[in-house]
Amino acid sequence: MRMRFLGSTSEAGACPTLYETDRGTIVVQGLQVTDAEALADLRDVLDGEAAVEVPRELLTDIARRVLPDDRNGTVTAFPTSEGTPTATA
């Protein structure tokens with residue numbers, strides 16, 4: 001697998017950072033969530049999986065640059081409406 005740097009909200013190459021793979025997936029580099037209450041909220045965590053916290057701004061910025069909506073050139077993949085975000089693109 002090969003990865004291409006998409007962006008980061010940190011300076012000097014620190015985390016969190018997003019990458020696009022040659023397999024059409026996104027890789028998230030960041031600090032692992034260790035808060036017991038937060039981890040209890042996760043569903044169906046498999047062996048080898050970990051939760052990584054990423055600022056919403058990083059995801060929306062990358063989405064605007066990488067995932068344009070074919071209809072009008074804007075991104076709707078990460079809406080900012082209240083409630084649980086869902087992918088709409």
hydrophobic_cluster_shared for L6 and V54, side chain cutoff 4.5 Å: yes
Fellow cluster residues of V33, listed by chain then number, with links counted only when side-chain atoms sit under 4.5 Å apart: L39, L42, V45
Co-members of the apolar cluster containing L31 [side chain, <4.5 Å]: none
side-chain contact (heavy atoms from CB on, under 4.5 Å) assessment of V27 paired with L18: CA-CA 6 Å; V27 171; L18 297 180; over 6 Å; no
Those residues that, when tested against E20, pass salt bridge (Lys or Arg N to Asp or Glu O under 4.0 Å) (two or more places apart): R4
Salt bridge (charged side-chain N to carboxylate O under 4.0 Å, His left out) contacts touching residues 35-55 (sequence neighbours left out): none
Residue pair S8 / P16: nearest heavy atoms and the distance that separates them: OG-O, 2.7 Å
Residue list, side-chain hydrogen bond (donor to acceptor under 3.5 Å, both in side chains) with T34, at least two apart or on another chain: none
Pairwise side-chain contact, I62 with I26, heavy-atom cut-off 4.5 Å (strictly under): no
Least distance between heavy atoms, Y19 atom then F5 atom: CD2-CA, 3.6 Å
Partner residues of R23 under the side-chain contact (heavy atoms from CB on, under 4.5 Å) criterion, sequence neighbours left out: M1, T21, T25
